[in-house]
Amino acid sequence: MDGTPAGQGEGLGRLVIVNWAPDALGLVRALQELGAKSLTLLGSHRPEAVEAVLAAARAKGAVRYLAASVGDGLEAFAEQLGALEVARARSIIVLPQRGRGETDAFSRLACSAIHRACAGQPPRILVAVEDPEATHEFAGLGVSTIFYPGFLRAALLAHGCLDLAVFRFMLALLHGGLRVQTLPVPAELRDKCFRDACLAIETDPEGRPVTVLGLCLTGEPGMLVNPGPAQPLRAAAGLLVLTGQGS
């Protein structure tokens with residue numbers, strides 16, 4: 001662990017993610033892109049089961065994974081958090097733990113353990129909840145931010161009501177008028193980057209207009225949506241594109 005006090009050091013400082021699982025690798029990648037130099041991940045998977053998944057992330061910064069969960073007992077988890085000095089982290093992110101009954105109640109227990117480990121003065125805690133009505137259950141646990149993914153869906157619906165183009169896009173998806181498919185990377189683009197693909201690929205083999213969304217990869221995470229203009233294409237197995245259905 002690094003001993004960087006909260007708010008000091010480079011980038012985002014040290015971040016702790018509770019209930020991390022391999023399907024949340026995108027969060028690790030995003031935090032590293034934003035400047036996180038040190039990440040401590042706590043989850044219920046065996047360490048050997050996540051080593052290959054984290055290989056690329058560890059090449060970009062300090063990433064430590066430990067098998068630890070409040071499901072092993074609140075007091076035991078609090079002791080583990082104390083040993084990791086989570087009170088010195090910049091922020092703590094609590095993700096939903098799947099397969100543990102009532103997900104938000106399990107996250108609340110995790111926050112209780114964090115609170116104990118930090119002697120009632122935890123760093124900033126962000127919790128991703130399943131049910132927005134469960135937010136009041138985290139009162140008094142030092143939680144400063146509640147994130148509800150459903151807000152994103154609601155925001156998209158709101159934009160669909162106000163913007164005709166967004167509405168048509170959503171309607172086409174729901175009716176099957178659009179689909180996401182893969183296209184091979186043209187040989188002339190193999191040594192170029194994502195920006196070049198976005199500029200060069202305008203139609204699919206049937207001549208229908210397409211929008212390049214991302215890349216298909218041979219390994220983890222399988223797909224990379226909106227990877228950034230400078231992302232090289234040489235490691236991509238294909239292009240992820242939005243196109244129309246055949247007539």
Side-chain angles (χ1 to χ4, degrees), residues 1 4-7 11-45 50 53-54 57 63-156 158 221:
M1 71 189 75
T4 304
L12 299 181
R14 178 180 172 227
L15 303 178
V16 176
I17 304 178
V18 177
N19 297 333
W20 184 86
D23 60 4
L25 180 62
L27 176 60
V28 171
R29 184 183 297 108
L31 290 172
Q32 289 182 323
E33 291 292 331
L34 289 172
K37 301 299 182 183
S38 176
L39 292 168
T40 299
L41 314 178
L42 307 176
S44 56
H45 289 72
V50 303
V53 175
L54 292 174
V63 179
R64 182 182 185 186
Y65 175 84
L66 294 172
S69 168
V70 74
D72 300 327
L74 192 149
E75 293 296 339
F77 188 53
E79 289 182 6
Q80 289 176 303
L81 293 173
L84 291 171
E85 298 182 345
V86 296
R88 296 171 62 84
R90 175 69 177 270
S91 300
I92 302 175
I93 301 171
V94 179
L95 300 178
Q97 175 70 51
R98 310 300 181 187
R100 288 285 187 171
E102 188 178 346
T103 303
D104 292 331
F106 194 76
S107 295
R108 188 175 66 251
L109 289 176
C111 290
S112 296
I114 294 169
H115 207 258
R116 296 190 187 192
C118 299
Q121 294 186 347
R124 178 181 300 167
I125 301 176
L126 184 150
V127 180
V129 300
E130 293 282 288
D131 182 358
E133 295 184 0
T135 56
H136 68 278
E137 299 176 4
F138 295 87
L141 294 176
V143 177
S144 59
T145 307
I146 299 289
F147 176 69
Y148 173 53
F151 287 149
L152 299 180
R153 294 189 292 271
L156 182 58

Novice: For the residue pair Pro123 and Ala89, what are the closest heavy atoms and their distance?
Specialist: CB-O, 3.3 Å
Novice: Measure the shortest side-chain to side-chain distance between Ser107 and Val129 over non-hydrogen atoms and say whether it is less than 4.5 angstrom.
Specialist: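 Side-chain contact under 4.5 Å: no.
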Novice: For a 4.5 angstrom cut-off between non-hydrogen side-chain atoms, does Ile93 reach Asn19?
Specialist: no
Novice: Please confirm whether the backbone N or O of Ala57 pairs with a side-chain atom of Gln32, one donor and one acceptor, at under 3.5 Å?
Specialist: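 It does hold such a pair.
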Novice: Are Ile17 and Leu95 close enough that some pair of their side-chain heavy atoms sits under 4.5 Å apart?
Specialist: yes
Novice: Just verifying a value: how many Å separate Arg124 CZ and Leu15 CG, rounded to the nearest 0.5 Å?
Specialist: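 Between atom CZ of Arg124 and atom CG of Leu15 there are 10.5 Å.
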Novice: Look up atom CH2 in Trp20 and atom OG1 in Thr40, then write down how far apart they are to the nearest 0.5 Å.
Specialist: 12.5 Å
Novice: Stepwise, does the side chain to side chain contact (heavy atoms under 4.5 Å, CB included) test hold for Val18 with Leu41?
Specialist: CA-CA 6 Å; Val18 177; Leu41 314 178; over 6 Å; no
Novice: What is the minimum heavy-atom distance between Ala78 and Ala113, and which atoms define it?
Specialist: CB-O, 3.6 Å
Novice: Do Val86 and Cys118 have side-chain heavy atoms sitting under 4.5 Å apart?
Specialist: yes
Novice: Is the shortest side-chain heavy-atom distance between Ser91 and Ile125 below 4.5 Å?
Specialist: no
Novice: Let me confirm one number: the CD-CZ distance from Glu75 to Arg116, rounded to the nearest 0.5 Å.
Specialist: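 Interatomic distance, Glu75 CD to Arg116 CZ, rounded to 0.5 Å: 4.5 Å.
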Novice: Ile114 versus Val94: any side-chain heavy-atom pair under 4.5 Å?
Specialist: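 Heavy-atom side-chain distance check passes, below 4.5 Å.
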Novice: Does a side-chain heavy-atom distance below 4.5 Å link Gln80 with Leu42?
Specialist: no
Novice: As an exercise, state the distance from OG of Ser38 to CZ of Arg90, rounded to the nearest 0.5 Å.
Specialist: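 If I round to the nearest 0.5 Å, the distance is 13.0 Å.
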Novice: If we only count heavy atoms from C-beta on, is the Leu39 to Arg14 side-chain gap below 4.5 Å?
Specialist: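 In short, these two side chains do not touch, never coming nearer than 4.5 Å.
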Novice: With rounding to the nearest 0.5 Å, note down the distance linking OG in Ser44 to CD in Gln97.
Specialist: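 It comes to 4.0 Å.
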Novice: Hey, is the main chain of Gly43 close enough, under 3.5 Å, to the side chain of Tyr65 for a donor-acceptor pair?
Specialist: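 Looks like yes, one N/O pair under 3.5 Å.
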Novice: Passes side chain to side chain contact (heavy atoms under 4.5 Å, CB included), Val70 versus Phe106? Steps please.
Specialist: CA-CA 8 Å; Val70 74; Phe106 194 76; 3.4 Å; yes
Novice: To the nearest 0.5 Å, what is the distance between CD on Glu79 and CG on Leu81?
Specialist: 10.0 Å
